[in-house]
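Working notes, structure below.
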Number of protein chains: 2
Amino acid sequence: MKSPHQDDSVANDRSQTPASVPAPVVSRLSLYLRELQRFQQRGWETVSSTQLGAELGFTDAQVRKDLAYFGQFGYPGVGYRCMELVAAIRGILGTDRTWNVALVGLGNLGRALLGHRGFHQQGFRITAAFDVAPELVGKTVEGVPVCSMEELAAVVQRESLKLAIITVPASNAQAVADQLIRAGIAGILNFAPVTLNVPSHVRVVGVDLALELEQLTYAVLQRAAQGD
Amino acid sequence: MKSPHQDDSVANDRSQTPASVPAPVVSRLSLYLRELQRFQQRGWETVSSTQLGAELGFTDAQVRKDLAYFGQFGYPGVGYRCMELVAAIRGILGTDRTWNVALVGLGNLGRALLGHRGFHQQGFRITAAFDVAPELVGKTVEGVPVCSMEELAAVVQRESLKLAIITVPASNAQAVADQLIRAGIAGILNFAPVTLNVPSHVRVVGVDLALELEQLTYAVLQRAAQGD
DNA sequence: TAGATTGTTAATCGATTAACAATC
DNA sequence: TAGATTGTTAATCGATTAACAATC
């Protein structure tokens with residue numbers, strides 16, 4: 001077994017990322033990061049895979065296996081140094097830098113996201129907003145200038161934006177996605193309740209609030225049918 | 001093979017739901033429902049497992065296997081009748097009735113959700129809102145009365161609420177969850193960026209916006225490292 | 001040193017896919 | 001009938017867990 005300290009150049013070499021990491025691993029990576037930051041806040045210097053996993057409901061083996069996809073970050077007999085692992089995961093996820101994000105659709109939800117504080121803290125910044133409503137275009141909402149849909153390609157290209165959030169009605173979502181992708185967007189966070197059809201080089205994460213609530217109603221009914 | 005029409009009493013018997021259906025199956029069920037409703041809008045009478053799956057990027061076998069957990073809904077040689085399957089899935093998920101939902105935390109996001117149209121359409125209605133801010137308590141936001149946290153237990157019990165949405169800061173989320181659960185809430189949609197600790201009879205679905213964006217940055221970086 | 005904990009391999013578990021008889 | 005498509009079983013695939021030598 002090799003400690004990171006014995007060979008930093010290998011242990012911290014993030015370009016050695018394997019061809020393909022299972023998607024569940026990457027989403028747990030985000031959870032580890034979130035949890036590690038909480039351990040840091042509580043003043044922990046190090047944390048073991050058992051402690052980190054327990055907090056999230058995972059086994060210690062899973063934590064170690066997941067991290068092992070990306071390198072060796074731990075110290076046998078000690079655990080993981082919180083600060084180091086936070087830095088490593090941010091590097092892997094790409095949140096060691098700030099990402100500027102485009103937002104399309106200034107309805108209730110879009111406006112809320114513009115004013116959302118949680119983004120900044122994790123390295124995201126909405127720098128451009130778009131809407132079809134003429135009365136909004138040209139104005140500034142939450143400090144972000146609102147542009148027309150016609151300006152989208154130009155703005156996305158000028159600012160080299162790679163990420164976009166879609167908060168338009170379902171009926172327009174696919175057209176907006178097409179437009180964003182043509183402009184060069186590579187990752188879309190989609191709040192419209194439709195499955196977007198995108199080329200393979202574009203990644204979509206969908207958040208459908210009704211759909212999430214349905215998972216809850218199902219669970220509640222199940223419990224009611226059995227337990228009570 | 002038995003057609004639903006040959007024995008309705010068995011095919012439609014939702015109480016025959018197996019002890020435990022894998023979680024991924026239930027979340028796909030919601031996707032099937034959403035997609036079926038779109039087929040209906042387009043005027044389709046029936047749809048095959050191949051057609052339904054293609055739209056979502058799943059194999060036909062997966063669609064059939066998933067549905068088979070809950071009964072027999074299809075017609076060999078024909079496919080699934082959209083209207084029937086929509087009704088069946090709504091019955092399974094429990095969205096054939098309306099669910100009243102409590103919302104705690106009237107920040108940007110909470111307010112946006114109060115005014116969110118997508119909920120009503122799928123059978124959800126936020127009927128009670130809570131916040132610590134004295135200047136909000138007693139007022140009405142988007143037609144929903146705002147109560148103090150002290151009133152929470154009474155309101156949840158009076159209205160027999162089973163579902164709640166948490167949109168409070170991370171630092172308060174666990175305490176709010178505890179309070180909700182004590183009041184009788186069984187399902188929580190949590191927007192605070194923390195892992196909630198809840199008893200096994202309570203189900204939590206977490207939506208962490210920064211975390212979703214991290215999945216995108218990772219994917220974008222991967223693509224950049226390989227393709228380009 | 002003894003105790004703790006890693007990274008990794010092998011064993012297990014569960015979920016997806018393929019195949020096909022049954023059916024309309 | 002012939003063509004299409006289901007529900008289901010068996011085969012495959014992938015992900016999780018257990019176990020343990022290596023290490024601090």
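Just so we're on the same page: letters track the sequence lines, and every chain starts at 1.
Salt bridge Arg42(A)/Glu55(A): present, at least one basic N to carboxylate O contact under 4.0 Å. A salt bridge does not link Asp178(A) to Arg182(A): none of the charged side-chain nitrogens sits closer than 4.0 Å to a carboxylate oxygen.
Distances shown here put every side-chain N or O of Ser49(B) at or beyond 4.0 Å from the OP1 or OP2 atom of dT5(D). For the pair Tyr80(A) and dG7(C), the criterion of a side-chain N or O lying under 4.0 Å from OP1 or OP2 is met.
One interatomic measurement links the two molecules: CZ of Phe73(A) to P of dC24(D), which rounds to 17 Å at whole-angstrom precision. Straight-line distance from the CZ atom of Arg81(A) to the C1' atom of dT5(C): 16 Å, rounded to whole Å. In this structure, Gln72(B) atom CD and dC24(C) atom P are separated by 11 Å, rounded to whole Å.
Residues Val202(A) and Ile185(A) have side chains not in contact (no heavy-atom distance under 4.5 Å, counting atoms from C-beta outward).
When only modelled atom types and interatomic distance are considered, Arg34(B) and Thr195(A) share a side-chain donor-acceptor pair under 3.5 Å. Using modelled atom types and a 3.5 Å distance limit, the side chains of Tyr75(B) and Glu84(B) yield a donor-acceptor pair.
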Collect all protein-nucleotide pairs involving nucleotides 14-18 of chain D in which both atoms are nitrogen or oxygen and the distance is under 3.5 Å.
from, atom 1, to, atom 2, distance (Å)
dT16(D), OP1, Arg28(A), NH1, 3.0
dT16(D), OP2, Arg28(A), NH2, 3.0
dT16(D), OP2, Gln62(A), NE2, 3.3
dT16(D), O5', Gln62(A), NE2, 3.0
dT17(D), OP2, Thr59(A), OG1, 3.3

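Nearest-nucleotide assignment on DNA chain D puts the 5′-proximal partner with Gln51(B), out of Gln51(B) and Gly77(A).
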Derivation and outcome, side-chain contact (heavy atoms from CB on, under 4.5 Å), residues Leu152(A) and Val104(A): CA-CA 9 Å; Leu152(A) 191 146; Val104(A) 187; 4.1 Å; yes
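When base pairs are accepted only as Watson-Crick or G-U wobble with both N-N or N-O distances under 3.5 Å, DNA chain D takes part in stems of 3 or more pairs at C:3-24 with D:3-24.
Heavy atoms of Thr50(A) sit nowhere under 4.0 angstrom from any nucleic acid atom.
Exactly one residue among Val205(B), Val204(B), Leu29(B), Leu189(B) makes a side chain to side chain contact (heavy atoms under 4.5 Å, CB included) with Gln215(A). That residue is Val205(B).
Within a 6.0 Å radius of CD in Glu45(A), no more than 12 heavy atoms belonging to other residues, nucleotides or ligands are found.
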